[in-house]
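In what follows, a single structure is set out as structure tokens and then discussed.
One-based numbering, in listed order, for ligands and for the atoms of each. What you see is a predicted model; the values in this text were computed from it and never measured. Every heavy atom of this structure was used, including side-chain atoms; hydrogens, water molecules and symmetry mates were not.
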Amino acid sequence: MNKILKVKNAGKYYRNRGSLTKAVDNISFEVENGEYIGIMGASGSGKTTLLNCISTIDKVTAGNIYINNQDITKMNEDELSKFRREQLGFIFQDFNLLDTLTARDNIALALSITGVKPEEIDRRIDSISNKLGILEILNKYPYEISGGQKQRIACARAIITNPSLILADEPTGSLDSKSAKMLLENLEFLNEELKATILMVTHDAFTASYCKKILFIKDGKIFNELVRGNDTRKEFFNKIIKVISLLGGDNQHVL
Ligand SMILES: Nc1ncnc2c1ncn2[C@@H]1O[C@H](COP(=O)(O)OP(=O)(O)OP(=O)(O)O)[C@@H](O)[C@H]1O
Ligand SMILES: [Mg+2]
């Protein structure tokens with residue numbers, strides 16, 4: 001299978017008045033095309049730092065990160081911003097829709113920057129919106145639509161460029177449980193039906209139970225790995241809870 005992401009001995013260190021924090025400490029793992037990976041760990045364990053290094057928002061201090069066989073740690077700013085637009089999709093905690101643009105234009109923005117022709121943009125938006133059930137609201141503004149519909153717009157925007165990798169940091173963090181479930185079903189749809197490869201950071205076991213594989217991070221290192229296999233979501237959830245109790249420490253936050 002094709003490896004979409006290869007993280008090799010990645011490290012991110014912060015030096016503060018003489019002391020060194022290894023936020024990411026020699027992490028290596030690989031993600032295959034079509035996988036849906038969760039990254040879990042207590043507060044301060046390095047999840048966001050790792051995700052930001054992969055999403056090109058931050059730079060590693062050591063090691064290499066290959067996305068689609070391209071080493072992003074060797075790219076300059078111009079190469080990175082092009083790479084980000086063309087190869088990555090993002091789902092933010094608050095979805096980051098622009099209030100002054102319609103739903104259609106919010107989705108189109110990601111494509112128009114990359115120079116895709118208007119007819120092709122419309123064709124792709126209609127196709128994805130049909131699949132996500134948002135065709136009727138494409139001409140509405142974010143303040144005219146529900147939270148769940150906003151999420152689907154954000155999912156459409158993340159996948160419209162056919163990114164190699166979709167990245168999400170605590171996407172359910174600010175949602176009530178009903179909206180969280182809806183978002184997770186949308187992400188599952190992107191992964192299973194549209195074959196998107198997804199990497200998601202979460203400290204929530206319910207959210208993580210939708211993934212196919214979980215990497216547990218402790219003190220900047222991979223502490224454990226859990227594969228869902230043929231488990232039901234509930235069975236996987238129970239296994240995740242067990243690993244979290246082994247992780248110890250900051251349990252309140254993890255749960
Ligand atoms: N800019 C920075 N300068 C110094 N230390 C930092 C910086 N950013 C993060 N850290 C430290 O790196 C470690 C990992 O932080 P990170 O934000 O990756 O944690 P996290 O797992 O995402 O936590 P949370 O669940 O609370 O979001 C923490 O100890 C944090 O204090
Ligand atoms: Mg974080």
Counting heavy atoms only, which of Glu170, Lys22, Lys218, Lys47 comes nearest to atom 21 (O) of ligand 1? Lys47
Using a distance-only test with no angle check, is there a side-chain donor-acceptor pair under 3.5 angstrom linking Lys212 and Asn191? yes
Using only atom types and a distance under 3.5 Å, with no angle test, would you say the side chain of Thr21 pairs donor to acceptor with the backbone of Ala23? no
Any N/O of Ser43 closer than 3.5 Å to an N/O of ligand 1? yes
How far does CG of Leu184 sit from OH of Tyr36, to the nearest 0.5 angstrom? 5.5 Å
Assess, by modelled atom type and distance only, whether the side chains of Gln87 and Asn68 contain a donor and an acceptor separated by less than 3.5 Å. yes
His203 to ligand 1: N or O pair under 3.5 Å? no
Does ligand 1 have an atom under 4.0 Å from some heavy atom of Gly220? no
Just to be sure I understand the site: which N, O or S atoms from the protein are less than 2.8 Å away from the Mg ion (ligand 2)? Thr48 OG1
Which of the numbered atoms in ligand 1 are under 4.0 angstrom from any heavy atom belonging to Ala42? 21 (O)
So is Leu50 polar-close to ligand 1, meaning N/O to N/O under 3.5 Å? no
Are the side chain of Gln149 and the backbone of Ser146 linked by a donor-acceptor contact shorter than 3.5 Å? yes
Are any side-chain N or O atoms of Lys213 and backbone N or O atoms of Val31, one a donor and one an acceptor, separated by less than 3.5 Å? no
I'd like to know if the side chain of Thr73 pairs up with that of Asp71 as donor and acceptor (distance under 3.5 Å, no hydrogens or angles considered). yes
Hey, what's the ring geometry for Tyr210 with Phe206, parallel, tilted or perpendicular (30° and 60° as the breaks)? perpendicular
Is there a polar contact, in the sense of an N or O pair closer than 3.5 Å, between Gly41 and ligand 1? no
Donor-acceptor pairs under 3.5 angstrom involving side-chain atoms of residues 115-130: please list them, not counting sequence neighbours.
unit_1 : atom_1 : unit_2 : atom_2 : d
Glu120 : OE1    : Arg123 : NE     : 3.2
Glu120 : OE2    : Arg123 : NH2    : 3.2
Glu120 : OE2    : Arg124 : NE     : 3.0
Asp122 : OD1    : Arg104 : NH1    : 3.1
Arg124 : NH1    : Ile160 : O      : 3.0
Asp126 : OD1    : Arg104 : NH2    : 2.8
Ser129 : OG     : Ile125 : O      : 2.6

